[in-house]
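Each ligand, and each atom within it, is numbered from 1 in the order the structure gives.
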Amino acid sequence: MRPVGSKYLLDETLGRGATGTVWRGVVREDVQVPGCPPGQRVAIKVLREELAADPDVVMRFLRERSLLLRLTHPNIVRVRDLVVEGELLALVMDLVDGPDLARYLRANGPFSPIAGALLMAQVADALAASHADGIVHRDLKPANVMLASTVVDGVERMHPLLTDFGIARLADSPGVTRTHEFVGTPAYVAPESAEGRPQTSAVDVYGAGIMLYELVTGRQPFQGDSALAVLQAHLAQEPQRPSTMPEPLWTVIERCLRKDPAQRPGATSLAHALRVVAAGVGVHASPAAVDEALAVGALLLPDPQPTAVPGSVPPLPPATVPGALAPGFMVPGTAPGAEDHTQVLPPTSGQYDPAAATAVMGTQPPPPQGAPDRTRVMPPAAVPPPPPAGPPQEEAPHPWQTQLRAARDRNQQTQVGYFGPEDYEDLPQPQVAPQPYQAGQGGPAGPGGHGGQGHRPGQGAPGGRPGGQQPGGYRQAPPPPGYAQRPPVAPPPYQAGQAGQGGNVGQGGQRGQGGRPQPPGGYRQAPGGYGQSQGGYPPPPAPTPVPRRAEPPAPQYREAPPQRREEPPAPARREPGPAREPRPRSRNRMYIPGLGCFKGCLMVLLVLAVAGVALWNFTPLPHYWDNVVGWFDSARDWANSLFGK
Ligand SMILES: Nc1ncnc2c1ncn2[C@@H]1O[C@H](COP(=O)(O)OP(=O)(O)OP(=O)(O)O)[C@@H](O)[C@H]1O
């Protein structure tokens with residue numbers, strides 16, 4: 001295990017993202033960390049060195065320490081500590097034993113509308129709490145929702161936990177992102193973020209709408225061949241209701257995806273509305289619950305005081321084409337006020353001092369001066385010379401570009417991007433693309449409610465996807481002390497426990513009649529689950545102990561074209577400018593996470609030595625060598641005899 005800071009040991013890598021690497025770690029046995037007993041297993045996100053080398057990010061890290069540590073909620077992965085040492089920045093979090101939602105979706109396919117609504121209601125709870133605390137997530141996506149499993153009444157259930165809070169905000173340093181760039185993932189980015197307009201907590205609600213759509217359909221509402229095209233779709237296209245989507249759920253999604261952030265609901269009312277929808281779309285919903293779900297639009301109240309994202313750029317001139325980017329927009333350094341925001345990444349704040357005390361941002365005092373430095377996960381970067389005074393020069397390559405290259409092989413990464421009007425001209429005119437799986441789809445819905453409305457192409461027959469809830473219902477974990485400041489949310493009706501056995505409510509609001517008969521307990525055959533997926537997830541790659549579905553997936557989901565891998569946005573074209581200063585590069589040329597350059601070099605020498613020994617012993621090389629030495633001796637004797645020596 002490798003030390004990180006003076007309190008933690010890194011064990012193994014859990015995964016890598018665009019902003020850093022997440023490790024499984026452990027609290028050292030010989031230290032005291034408040035709230036974390038010695039030996040406690042934790043997850044440690046070590047931010048990438050480009051971020052850690054930016055003094056502005058470090059300052060933000062320190063400033064927001066108390067905010068992030070304070071953010072506790074049953075549906076938020078708790079941040080336990082922040083480690084700042086040399087050029088290492090790390091967040092210590094609770095370790096979640098489970099997959100993230102993106103991986104779960106890939107492995108198991110979409111959720112039923114009820115399960116999707118209930119899952120997203122918990123995510124909306126987490127958003128409401130963070131917004132009330134002044135924190136906007138800004139990078140909401142399934143990959144940032146971890147699925148823990150909890151056992152309630154002897155039944156394993158999924159418990160969503162939102163993570164990566166504050167990362168987008170940390171990354172959004174003036175030294176890291178520049179004017180009109182966005183931090184986020186194109187498929188989930190709100191129009192105002194893509195356009196560089198001021199952002200508020202409404203961007204998270206937009207992301208929640210995209211996620212909700214994806215959870216119940218298996219695809220995202222806005223797609224394109226490139227990140228730029230996806231961003232353009234967010235700006236110009238209207239989302240289309242899939243025929244299988246219950247009307248109340250669509251009402252919620254459509255409101256979350258409004259282009260105007262002021263028309264989106266607040267996170268608190270979103271959570272409430274989703275529970276009302278979940279209670280009203282099952283075939284066993286009471287008529288009153290059905291009516292309430294159909295009137296859900298009235299519950300979707302905008303946030304009266306949306307939380308502003310600090311430092312988001314001022315509004316730009318209105319676009320001339322609806323949904324298009326404003327003229328001159330996204331060209332770094334040319335937009336009005338750009339000079340206020342665009343900065344060259346400042347030099348690092350000084351040489352790394354290995355003898356310096358570890359600065360761990362906990363409540364514990366730092367170790368005494370002269371204590372051995374235990375953290376060398378990332379070696380220090382060279383200190384570049386200060387930029388020469390004179391006329392402004394073109395900026396060095398953006399550090400995020402390095403990250404994007406590194407992340408290129410991963411789908412749906414958090415990205416920073418910008419694009420200009422010339423890029424926009426390359427795009428096809430905005431149009432509303434037909435839903436891929438609508439092609440060849442069946443006729444009008446039959447009397448089978450949601451279940452009969454198109455899960456099987458060409459028919460409206462009964463027997464679609466059954467929803468329903470489990471007797472005993474899904475229960476939420478009790479909120480922790482202190483969380484009660486949040487506005488009260490009406491207890492969801494499903495807590496009362498409903499037996500679910502069939503399809504969802506049809507588009508016309510009639511209760512589905514034709515849901516496939518299911519055993520009590522809802523869509524899963526396993527006892528205790530609600531909806532399609534809430535009965536526990538199979539921890540990949542181990543097979544799930546209970547069959548997930550009572551029937552094979554609906555054909556159109558299988559027939560839908562595979563999701564394209566998102567390419568990171570192409571770097572913006574820049575006007576030819578004066579020659580760039582060579583970018584100061586890190587000394588860490590051969591970067592092996594956790595090993596560092598020195599050990600990497602030793603490893604290379606060792607490999608060369610072993611190869612040399614093997615060559616000498618297992619090839620005729622010694623024989624050739626003797627021959628060469630013999631020839632050399634003969635030549636010397638001949639030369640000596642020639643010159644009479
Ligand atoms: N608290 C945690 N406990 C356990 N695993 C975690 C935790 N946080 C993240 N992970 C795992 O680590 C992996 C990498 O996480 P990270 O947040 O860096 O990825 P990402 O969200 O895909 O990337 P990015 O947001 O930078 O685009 C994830 O796949 C997730 O499964």
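- Remark: among candidates Ala43, Gly20, Gly15, the nearest residue to atom 2 (C) of ligand 1 is Ala43, based on non-hydrogen atoms.
- Those atoms of ligand 1 with a heavy atom of Gly17 less than 4.0 angstrom away are 18 (O), 19 (O), 23 (O), 26 (O).
- Side-chain N/O atoms of His131 and Asp204 include a donor and acceptor closer than 3.5 Å.
- A donor-acceptor contact closer than 3.5 angstrom is absent between the side chains of Ser149 and Asp97.
- Using a 4.0 Å cut-off to heavy atoms of Asp100, the atoms of ligand 1 that qualify are 28 (C), 29 (O), 30 (C), 31 (O).
- Remark: ligand 1 atoms within the under-4.0 Å shell around heavy atoms of Leu14 are 4 (C), 5 (N).
- Taking a cutoff of 4.0 Å between a charged side-chain nitrogen and a carboxylate oxygen, Asp133 and Arg70 qualify as a salt bridge.
- Looking at Thr163 and Lys45, their side chains never bring a donor and an acceptor atom within 3.5 Å of each other.
- The closest approach between Arg24 and ligand 1 stays at or above 4.0 Å for every heavy atom of the residue.
- With a heavy-atom cut-off of 4.0 Å, Thr19 touches ligand 1 through backbone and side chain alike.
- The Val77 neighbourhood of ligand 1 comprises atoms 1 (N), with distances under 4.0 Å to a heavy atom of that residue.
- Tyr206 and Arg258 share no donor-acceptor pair across their side chains, judged by distance under 3.5 Å alone.
- Residue Val96 places at least one N or O, backbone or side chain, under 3.5 Å from an N or O of ligand 1.
- Listed by number with element, the atoms of ligand 1 under 4.0 angstrom from any heavy atom of Asp164 are 17 (O), 21 (O), 25 (O).
- Taking every non-hydrogen atom of Lys45 and a distance limit under 4.0 Å, the qualifying atoms of ligand 1 come out as 16 (P), 17 (O), 18 (O).
- Under the salt bridge (Lys or Arg N to Asp or Glu O under 4.0 Å) criterion, Arg78 pairs with no residue at all, not counting sequence neighbours.
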Go through the steps for Phe111 and Tyr104 under the test ring-ring contact (aromatic ring centres under 6.0 Å, His included), then give the verdict.
-> CA-CA 10 Å; Phe111 288 65; Tyr104 182 88; 5.6 Å; yes
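- Contacts between Asn144 and ligand 1 below 4.0 angstrom, taking non-hydrogen atoms only, involve the side chain exclusively.
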